Amino acid sequence: MEKGLDVPIIADAAKKRLDFETIAAAFDMPCPDANSYSSLALAYIGDCIYDLVIRSLVVGKNHTSVNDLHHKTIHYVKAESQAHVADALKEYLTPEEADVYRRARNAKSNTKAKNASIVAYRKATGLEALIGYLYIRNQNDRILELITLGLSRTETEI
């Protein structure tokens, strides 16, 4: 360990990707099967990944103030927008992906949608869980494929 740092330095850091498997290995954390997580745990991590992709797009395409970036991002990551993307993707999901989406969409949550209908909120939860499931399985190319397809099919321009 380098002096002054509390985390181990990853050998060959330039070759590493920021994915679940790499993070788990860096922190000596077990990497269980994605099927062992609850639907809501998958949605929890999937929400972050979806948000990261959208924020990356917003920042990459808009040279503006942080406040403007924030407002643009909110528009794309809110439950209603995610529900539209989820609807647009239904026919493109594998049976396994559709099952992950369906289980999460139907999961009972203790939280309520703030500014969305319960139907939109549940569809968004399903989409987030699917993204989380794919992330834990290191299927990042599939995540990008689905998000790109969903944005395209909903005619969303960032």
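Quantities reported herein were computed from a predicted structural model and do not represent experimental measurements.
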Is there a side-chain contact between [X] and [Y], using heavy atoms and a 4.5 Å cut-off?
| X | Y | result |
| --- | --- | --- |
| E155 | H84 | no |
| R153 | E91 | yes |
| E21 | Y135 | no |
| D99 | R102 | yes |
| V100 | R103 | yes |
| D141 | E145 | no |
| L146 | L134 | yes |

Which pair of heavy atoms, one from [X] and one from [Y], lies closest together, and at what distance?
| X | Y | result |
| --- | --- | --- |
| A104 | G126 | CB-CA, 3.8 Å |
| G150 | A88 | O-CB, 4.3 Å |
| E97 | Y92 | OE1-O, 4.3 Å |
| R142 | L93 | NH2-CA, 4.0 Å |
| A107 | S39 | CB-CB, 4.3 Å |

Lys/Arg-Asp/Glu bridge criterion (N-O < 4.0 Å) met for K72, D68: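 No, this pair does not count.
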May I ask you to decide whether E128 forms a salt bridge with R105, counting only side-chain N to carboxylate O separations under 4.0 Å?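 Salt bridge flag = no for R105 with E128.
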For the pair N62 and L57, evaluate side-chain contact (heavy atoms from CB on, under 4.5 Å) and give the outcome as yes or no after the intermediate values. CA-CA 8 Å; N62 298 279; L57 290 169; over 6 Å; no
[X]-[Y] co-clustered via ILVMFWY side chain contacts under 4.5 Å:
| X | Y | answer |
| --- | --- | --- |
| F20 | F27 | yes |
| Y37 | I131 | yes |
| V59 | L144 | yes |
| L52 | I23 | no |
| M29 | I136 | yes |

Taking side chain to side chain contact (heavy atoms under 4.5 Å, CB included) as the criterion, tell me which of L89, V85, V53, L127 meets it with I147.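 Of the listed options, the one satisfying the test is V53.
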Hey, mind stepping through H75 and H70 against side-chain contact (heavy atoms from CB on, under 4.5 Å) and telling me if it holds? CA-CA 9 Å; H75 175 73; H70 176 70; over 6 Å; no
Please confirm whether the backbone N or O of E157 pairs with a side-chain atom of Y76, one donor and one acceptor, at under 3.5 Å?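 Yes, Y76 side chain to E157 backbone: donor-acceptor pair under 3.5 Å.
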Side chains of D19 and T22: donor-acceptor distance under 3.5 Å anywhere?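 T22 and D19 do have a side-chain donor-acceptor pair below 3.5 Å.
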Atom pair CG (N115) and CD1 (I74), whose distance is rounded to the nearest 0.5 Å: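 Going from CG on N115 over to CD1 on I74, the span is 10.0 Å.
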To the nearest 0.5 Å, tell me how far Y101 OH sits from T125 OG1.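 It is 9.5 Å, given to the nearest 0.5 Å.
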Kindly state each residue pair satisfying salt bridge (Lys or Arg N to Asp or Glu O under 4.0 Å) with at least one member in residues 47-64, sequence neighbours excluded.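 The answer is D51-R55.
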Given Y121 and Q82, is the side-chain contact (heavy atoms from CB on, under 4.5 Å) satisfied, shown in steps? CA-CA 9 Å; Y121 184 74; Q82 288 183 354; over 6 Å; no
For D33, I'd like to know if atom CG has over 12 heavy atoms of other residues, nucleotides or ligands within 6.0 Å.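 Yes, CG of D33 has more than 12 neighbouring heavy atoms, counting only those of other groups under 6.0 Å.
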Y44 OH: over 12 foreign heavy atoms closer than 6.0 Å: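 Counting neighbours around OH of Y44, 12 or fewer heavy atoms of other residues, nucleotides or ligands fall under 6.0 Å, so no.
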Identify, with sequence neighbours excluded, every residue that meets side-chain contact (heavy atoms from CB on, under 4.5 Å) alongside E96.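 Here the qualifying residues are T94, Y133, R137.
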Can you sort out the partners of S117 under side-chain contact (heavy atoms from CB on, under 4.5 Å), two or more places apart, ordered by chain and number?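 In terms of side-chain contact (heavy atoms from CB on, under 4.5 Å), with neighbours along the sequence ignored, S117 is linked to E80, V119, A120.
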